[in-house]
Amino acid sequence: MQVRKPEPARKAVPARKAGAARGAGAARKAGAAREAARDHRPAVEGLLPSAAPVRFVAEDGTAVEPPAGRTAPADGELLEAYRRMVLGRRFDRQATALTRQGRLAVYPSSRGQEACQVGGVLALRDGDWLFPTYRDSVALVARGLDPAEVLTLLQGGWHCGYDPAAVRVAPQCTPLATQTLHAVGMAEALRRKGEDGVVMAFVGDGGTSEGDFHEALNYAAVRRAPVVFFVQNNQYAISVPLAKQTAAPALAYKGVGYGVRSEQVDGNDLVAVLSVLASAVEHARAGGGPSLVEAHTYRMDAHTNADDATRYREDDEVARWEAADPIARLETYLRGRGVLDDEGVAAADRAAEEFAARVRDALNADPEPAPTPLELFDHVFAEPTPQLREQRAQLASELAALED
């Protein structure tokens with residue numbers, strides 16, 4: 001007969017510790033429930049971009065079925081966008097030629113990105129602010145700025161050739177992504193002043209790898225600032241391809257982690273770009289907070305006139321993107337809708353040639369008065385830093401020595 005061994009006596013647990021353990025367990029369960037509820041909030045689900053970039057028009061100019069809830073802009077708005085894109089490309093070609101002639105120190109072309117440049121501008125009202133990068137000269141021209149003033153920076157005359165406050169366009173920014181922080185600050189200022197203005201910050205794909213970009217996203221989300229981050233993903237950060245910049249499925253997903261509503265769009269489809277950006281701008285204007293829109297596009301020319309793009313990309317790749325040209329695509333689409341014909345195309349081309357002639361005349365004339373080297377230090381800060389004063393004094397001494 002087997003005798004059952006007595007179970008070892010259980011160690012008594014003080015009532016206070018037992019209560020604490022039960023409390024901790026309950027807290028963990030409650031926290032898990034809250035996290036589960038948060039994961040299924042519609043607001044969180046609404047942050048995710050579409051699985052594929054939003055598109056209204058295929059590469060051949062034929063209409064495709066857009067995602068549910070997306071509406072195309074009116075034909076009149078699209079026709080105006082076409083005219084500005086044609087003018088913008090002619091301006092871009094002229095600026096490139098002026099660089100080769102030595103009239104500009106450098107010029108970063110945006111050929112192939114006209115749908116983004118013009119679509120971004122047309123999504124804004126006159127009272128809204130634009131914060132551009134160094135590659136967004138076409139956008140500034142599309143907004144109505146004097147082309148000679150736009151090119152002053154690239155000519156080496158002034159830090160900025162136009163009055164930012166008058167035109168509500170910040171100076172073109174050369175350091176990557178620093179303008180995104182400035183844009184959020186402006187958006188927060190507009191919100192505190194009770195204005196219904198919206199800020200759009202242009203940024204390239206390389207800029208999304210910078211810390212400033214992520215800080216701007218986080219602060220904008222926390223403050224629900226009325227700002228739209230418009231990422232022009234032209235596939236290369238100078239010579240670095242997108243695959244070597246990020247492992248994210250798309251750059252649009254970078255906004256989700258900060259609680260920023262995000263979307264991706266075919267950046268060579270003006271109809272889609274304008275539809276998505278207009279929605280993001282109005283979302284911000286209505287108090288819905290920031291948005292991030294990634295446009296998939298391509299930089300047809302080299303990074304600048306100092307770059308040799310043949311060293312890091314193949315001709316076949318460029319040819320594939322040539323077939324998705326945003327201007328040709330929009331022209332075919334508008335012809336198919338009966339709102340554009342041969343005369344309309346010719347009129348847009350004539351206006352672009354006249355515009356290019358004015359740009360040539362303005363850039364071929366010597367500035368009066370000619371800028372002096374010491375002006376380099378003016379208008380950097382409201383109150384010059386000790387370092388700037390020291391550098392200015394050093395340059396003044398060297399210039400005086402040359403005169404002697």
Side-chain angles (χ1 to χ4, degrees), residues 49 52-55 57-61 85-86 88-100 104-120 132-139 154 172-177 202-210 213 229-254 264-270 272-273 293-330:
V54 175
R55 173 184 282 193
V57 183
E59 283 87 350
D60 61 1
M85 288 168 66
V86 171
R89 175 162 295 182
R90 185 64 186 88
F91 165 81
D92 189 271
R93 285 172 48 209
Q94 186 61 68
T96 299
L98 289 167
T99 307
R100 295 189 182 119
L104 296 178
V106 66
Y107 181 72
S109 171
S110 59
R111 185 170 73 91
Q113 298 179 222
E114 290 88 357
C116 297
Q117 300 275 299
V118 173
T133 74
Y134 56 85
R135 196 177 298 282
D136 299 318
S137 296
V138 169
L154 302 173
Q172 288 181 270
C173 189
T174 300
L176 293 187
F202 281 20
V203 63
D205 47 293
T208 67
S209 299
E210 297 288 330
F213 175 74
F229 299 93
F230 185 33
V231 179
Q232 294 180 73
N233 176 7
N234 64 19
Q235 311 304 314
Y236 287 93
I238 308 182
S239 60
V240 181
L242 184 67
K244 292 186 177 180
Q245 296 182 55
T246 181
L251 297 177
Y253 286 87
K254 293 194 174 186
Q264 55 179 335
V265 62
D266 184 336
N268 285 16
D269 176 1
L270 183 280
V273 170
V293 175
E294 176 197 3
H296 296 258
T297 184
Y298 196 75
R299 187 195 77 215
M300 298 303 305
D301 290 341
H303 177 69
T304 68
N305 53 295
D307 174 43
D308 180 7
T310 62
R311 298 179 62 183
Y312 54 83
R313 64 186 191 186
E314 302 294 331
D315 291 342
D316 290 347
E317 176 184 299
V318 179
R320 288 195 302 272
W321 280 94
E322 285 275 12
D325 181 86
I327 297 179
R329 186 191 298 199
L330 182 59

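Any value given below was found using the heavy atoms of this structure, including those in side chains, with hydrogens, waters and symmetry copies removed.
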Working to the nearest 0.5 angstrom, can you tell me the gap between Asp307 CG and Asp301 CG?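 It comes to 10.5 Å.
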
Rounded distance [0.5 Å steps], NE2 in His296 versus CG in Leu251: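 Taking NE2 in His296 and CG in Leu251, the distance rounds to 7.0 Å.
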
Quick one: which residue pairs count as a side-chain hydrogen bond (donor to acceptor under 3.5 Å, both in side chains) with a foot in residues 234-244, not counting sequence neighbours?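 Sorted result for residues 234-244: Gln113-Asn234, Tyr236-Glu317.
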
Below 4.5 Å, heavy atoms only, C-beta onward: do [X] and [Y] meet side chain to side chain?
{"X": "Asp325", "Y": "Arg329", "answer": "no"}
{"X": "Pro108", "Y": "Leu154", "answer": "yes"}
{"X": "Met85", "Y": "Pro326", "answer": "yes"}

Measure across [X] and [Y] and return the closest heavy-atom pair with its distance rounded to 0.1 Å.
{"X": "Tyr298", "Y": "Asn268", "result": "N-OD1, 4.3 Å"}
{"X": "Met300", "Y": "Arg313", "result": "O-NH2, 2.7 Å"}
{"X": "Gly267", "Y": "Cys116", "result": "O-SG, 3.4 Å"}
{"X": "Phe213", "Y": "Gly207", "result": "CB-O, 3.4 Å"}

Sequence-distant partners of Phe230, ring-ring contact (aromatic ring centres under 6.0 Å, His included), two or more places apart: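 With neighbours one apart ignored, the set is Phe202.
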
Do the side chain of [X] and the main chain of [Y] share a donor and acceptor less than 3.5 angstrom apart?
{"X": "Asp92", "Y": "Ser110", "value": "yes"}
{"X": "Thr297", "Y": "Gly112", "value": "yes"}
{"X": "Arg135", "Y": "Ser109", "value": "yes"}
{"X": "Glu210", "Y": "Ala177", "value": "no"}
{"X": "Gln245", "Y": "Val240", "value": "yes"}

From CA spacing to verdict: side chain to side chain contact (heavy atoms under 4.5 Å, CB included), Val293, Val265: CA-CA 7 Å; Val293 175; Val265 62; 3.9 Å; yes

Can you sort out the partners of Asp136 under side chain to side chain donor-acceptor pair (under 3.5 Å), two or more places apart, ordered by chain and number?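 Here the qualifying residues are Gln117, Thr133, Gln232.
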
Non-neighbouring partners of Asp316 that pass side chain to side chain donor-acceptor pair (under 3.5 Å), sequence neighbours left out: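 Testing Asp316 for side chain to side chain donor-acceptor pair (under 3.5 Å), a comparison that skips the adjacent residues, returns none.
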
Please identify each residue that fulfils side-chain contact (heavy atoms from CB on, under 4.5 Å) with Thr99, with sequence neighbours left out.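 By the side-chain contact (heavy atoms from CB on, under 4.5 Å) rule, Thr99 matches Leu104, Tyr107, Asn305.
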
With Arg55 via salt bridge (charged side-chain N to carboxylate O under 4.0 Å, His left out) - residues at least two apart: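 By the salt bridge (charged side-chain N to carboxylate O under 4.0 Å, His left out) rule, Arg55 matches Glu59, Asp266.
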
Within a 6.0 Å radius of atom CG on Asp315, are there more than 12 heavy atoms belonging to other residues, nucleotides or ligands?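 Result for CG/Asp315: open.
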
Does the distance from a Lys or Arg side-chain N to an Asp or Glu carboxylate O, for Arg90 and Glu114, drop under 4.0 Å?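 Salt bridge absent between Arg90 and Glu114.
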
Could you go step by step and tell me if Gln264 and Asn233 meet the side chain to side chain contact (heavy atoms under 4.5 Å, CB included) rule? CA-CA 10 Å; Gln264 55 179 335; Asn233 176 7; over 6 Å; no

